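In this text the structure is predicted, and so the values were computed from the model without any measurement. Hydrogens, waters and symmetry mates are skipped; everything else that's a heavy atom, side chains included, is used.
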Amino acid sequence: MSSQTPKDFLKFLKNPDFIDGIYNYCDSWCERCAFTDKCMNFAMRKYKEDQNGEASIEDSLTEVFQQTTDLIKQIIEDKGMSWEDIVSQADTETPTIDPHKEADEHRNVRSAKEYTYLYGSFLKTEQGFMQGKGLEFQNDLNKGIISVEEAEEALSQIEDAFEVINWYQSLIYIKIRNACQLFFEYNLSDFMVDYYNGKAKLTLISIDRSLAAWLVLQVHFPEKVTKITEILLQLEKLRQQIEKDFPNARKFVRPGLDK
Ligand code: SF4
């Protein structure tokens, strides 16, 4: 990709199959994504992997940024202007508030951090409980209390619930922080307002899915009900706060992902 010229890159970007900006509002779980053939970001990662081995989403976004910058520079030169002309026209007024600081102190960000802490502490104190569940199923199988199919189904549900919780736990913090920070940015365009609403919506969806997954664990691990309930309440609190603070988030239609 990096050996491409800006014009090659422009051609690549114009693939009519791509859904514009779909990767801005997705959960980055490409393994489970139904839109890989419509995602420019996925295509770029695939291309890079084919060329150089593994590439992370961050790598490919960095690449997009670099290629886009090159492309813009070329457009500016074609117009007979210089990069410095554009920079000098940029609004460099210092905002009165610091969006980073506001975001760090925002109640949603603090609540998301608290959830990450509860999740981590649950895993730490309950390390052996999956193994215990495996033994329990084995005993039940030996006694004929459950069938092999029932045991497999239950294990698959538990495994899936863990994967979902693991995947979304860091995403929740990252995305809501991003949305909160943008919320405090100075003089935002309509596009950026949509953008932070899209990030807030992604956070809400991540919470919805995580709550459902924790409920699956609660069914299978009734002895952990106290700890799991604490986590569920924390997530629910965060969900309610985000719904209140970003009232337009649910209404935002994520390109390709929402109908
Ligand atoms: S939209 Fe693209 S980046 Fe997002 S999960 Fe799907 S393939 Fe991956």
I'd like to know if Asp27 pairs up with Arg254 as an ion pair, taking the criterion as any Lys NZ or Arg NE/NH1/NH2 lying under 4.0 Å from an Asp or Glu carboxylate oxygen.
no

Flag for Ser210-Gln169: side-chain donor and acceptor within less than 3.5 Å
no

Atom CZ in Arg110, atom CG in Leu238: separation rounded to 0.5 Å?
12.0 Å

Under 4.5 Å between side-chain heavy atoms, hopping through other hydrophobics if needed: is there a path connecting Leu211 to Ile176?
yes

With sequence neighbours excluded, residues passing salt bridge (Lys or Arg N to Asp or Glu O under 4.0 Å) with Asp245
Arg107

Gap between atom CG of Leu118 and atom CG of Leu235 - 0.5 Å precision:
8.5 Å

Verify same cluster id: Phe221, Leu135 (apolar side-chain graph, 4.5 Å):
no

State plainly whether one hydrophobic cluster holds both Leu215 and Val225, where clusters connect Ile, Leu, Val, Met, Phe, Trp and Tyr through side-chain heavy atoms under 4.5 angstrom apart.
no

Answer with yes or no whether the side chains of Glu230 and Gln234 bring together a donor and an acceptor at under 3.5 Å.
no

Determine whether a donor-acceptor pair (N or O, by modelled atom type, separation under 3.5 Å) exists between the side chain of Asn178 and the backbone of Ile174.
no

Using every non-hydrogen atom in the two residues, find where Ile242 and Thr203 come nearest and quote the distance to one decimal.
CD1-CG2, 3.7 Å

Rounded to the nearest 0.5 Å, the CZ atom of Arg209 sits from the CG atom of Leu204 at a distance of 12.0 Å

Considering residues at least two apart in sequence or located in another chain, which fulfil the ring-ring contact (aromatic ring centres under 6.0 Å, His included) criterion with Phe162?
Phe129

Got more than 12 heavy atoms from elsewhere within 6.0 Å of CG, Asn15?
yes

Would Phe246 and Met192 show up in the same hydrophobic cluster when neighbours are defined by side-chain heavy atoms closer than 4.5 Å?
yes

For Asp160, I'd like to know if atom CG has over 12 heavy atoms of other residues, nucleotides or ligands within 6.0 Å.
yes

Heavy-atom pair with the smallest gap, counting every atom of Arg45 and Cys30:
NH1-SG, 3.0 Å

If you take all heavy atoms of Ser206 and Leu171, which pair is closest and at what distance?
OG-CD2, 3.7 Å

Between Thr36 and Lys46, do the side chains contain a donor N or O and an acceptor N or O under 3.5 Å apart?
no

Which atom pair, heavy atoms only, marks the closest approach of Ala103 to Val109?
O-CG2, 3.1 Å

Enter the distance from Leu188:CG to Tyr186:OH here, rounded to the nearest 0.5 Å.
11.0 Å

For Tyr196, run the ring-ring contact (aromatic ring centres under 6.0 Å, His included) check against Phe252, Phe184, Phe183, Phe191 and tell me which one passes.
Phe183

Considering only heavy atoms from C-beta outward, does the side chain of Ser111 approach that of Gln241 to under 4.5 Å?
yes

Shortest non-hydrogen contact from His220 to Lys133?
O-NZ, 2.6 Å

Please examine the side chains of Trp214 and Tyr119, heavy atoms only from C-beta on, and report whether any two atoms are closer than 4.5 Å.
yes

With under 30° as parallel and over 60° as perpendicular, where do the rings of Trp29 and Trp167 fit, or are they tilted in between?
parallel

Side-chain contact, heavy-atom cut-off 4.5 Å: Cys39 with Ile22?
yes

Separation between CZ (Phe18) and CZ (Phe42), nearest 0.5 Å, reads 11.0 Å

Side chain to side chain, Tyr117 and Lys113, heavy atoms closer than 4.5 Å:
no

Nearest-0.5 Å distance that lies between atom CG in Leu232 and atom OH in Tyr115
9.0 Å

Can you name the residues that form a ring-ring contact (aromatic ring centres under 6.0 Å, His included) with Tyr195, not counting sequence neighbours?
Tyr25

Under a single-linkage definition using a 4.5 Å side-chain heavy-atom cutoff for Ile, Leu, Val, Met, Phe, Trp and Tyr, are Phe122 and Ile172 assigned to the same hydrophobic cluster?
yes

With a 3.5 Å distance limit and no angle check, can you tell me whether Lys199 reaches the backbone of Ala249 through a side-chain donor-acceptor pair?
no

Please check if atom CD in Glu31 has more than 12 non-hydrogen atoms from other residues, nucleotides or ligands closer than 6.0 Å.
no

Do you know the tightest heavy-atom contact between Ala112 and Tyr173?
CB-CA, 3.8 Å

Check for a donor-acceptor pair, side chain of Lys201 on one end and backbone N or O of Arg250 on the other, with a separation under 3.5 Å.
yes

Just by distance, do the side chain of Gln218 and the backbone of Lys224 share a donor-acceptor pair under 3.5 Å?
no

Asp140 vs Glu150, side-chain contact (heavy atoms from CB on, under 4.5 Å): CA-CA, chis, key distance, verdict:
CA-CA 10 Å; Asp140 289 350; Glu150 284 169 332; over 6 Å; no

Side chain to side chain donor-acceptor pair (under 3.5 Å) between Glu153 and Gln157, worked out
CA-CA 6 Å; Glu153 169 68 17; Gln157 283 180 6; 3.0 Å; yes

Tell me, do Leu217 and Ile165 make a side-chain contact under 4.5 Å, heavy atoms counted?
yes

